[in-house]
Amino acid sequence: MARKIKSKRSKTRKGEYEVFFGKEKVGDIFKSKNDLGEWAGTTVDRNQSVGGKKWQVLDWFFEIFWGVK
């Protein structure tokens, strides 16, 4: 069974999303004004972050954890 990247609304923080690779939480997407857009994403264990539109941030997670868009 292939592991998939999924984003789900956070149950504890309004307007934020949690990103999962399979069943493991790998990061968060949240509102943050920046030069590239209104959203930002951070990884849980790799200490990396990115800014942009929400779909661009999700694509970034695909590239990091799955190696494809």
Side-chain angles (χ1 to χ4, degrees):
M1 185 169 140
R3 293 170 36 137
K4 296 181 180 180
I5 300 274
K6 296 180 186 176
S7 66
K8 297 181 182 179
R9 287 185 189 259
S10 173
K11 294 181 181 179
T12 58
R13 297 177 309 264
K14 187 175 181 178
E16 294 189 17
Y17 296 84
E18 296 175 332
V19 181
F20 294 87
F21 184 57
K23 293 185 179 183
E24 177 184 354
K25 182 179 174 183
V26 294
D28 294 295
I29 298 175
F30 53 91
K31 285 252 186 194
S32 175
K33 298 272 186 195
N34 59 65
D35 294 341
L36 301 172
E38 294 187 4
W39 293 88
T42 59
T43 58
V44 171
D45 59 350
R46 295 185 184 196
N47 296 323
Q48 296 175 330
S49 62
V50 70
K53 295 179 181 175
K54 189 165 50 171
W55 64 268
Q56 291 170 322
V57 175
L58 192 56
D59 278 350
W60 176 73
F61 279 104
F62 274 95
E63 290 175 16
I64 288 176
F65 292 97
W66 215 9
V68 295
K69 253 184 159 178

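Since the structure is predicted, the reported quantities are computational estimates derived from the model, not experimental observations.
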For this session: Inspect the surroundings of NZ in K25 and state if more than 12 heavy atoms from other residues, nucleotides or ligands are less than 6.0 Å away.
Result: yes
Problem set entry | Closest non-hydrogen atom pair, Q56 against K53 | OE1-N, 2.8 Å
Could you pull out all residues at least two apart from [X] that satisfy side-chain contact (heavy atoms from CB on, under 4.5 Å)?
{"X": "K31", "answer": "E38, W39"}
{"X": "S49", "answer": "T42"}
{"X": "T43", "answer": "R46, Q48, W60, F61, I64, F65"}

Exercise. At what distance, to the nearest 0.5 angstrom, does CD of E63 lie from CD1 of I5?
Worked result: 11.0 Å
Exercise. Sequence neighbours excluded, which residues qualify as side-chain hydrogen bond (donor to acceptor under 3.5 Å, both in side chains) partners of E16?
Worked result: R13
Problem set entry | Main-chain N/O of F21 paired to E24 side chain as donor or acceptor, under 3.5 Å | no
Problem set entry | Joint hydrophobic cluster, F62 plus V57, side-chain heavy atoms closer than 4.5 Å | yes
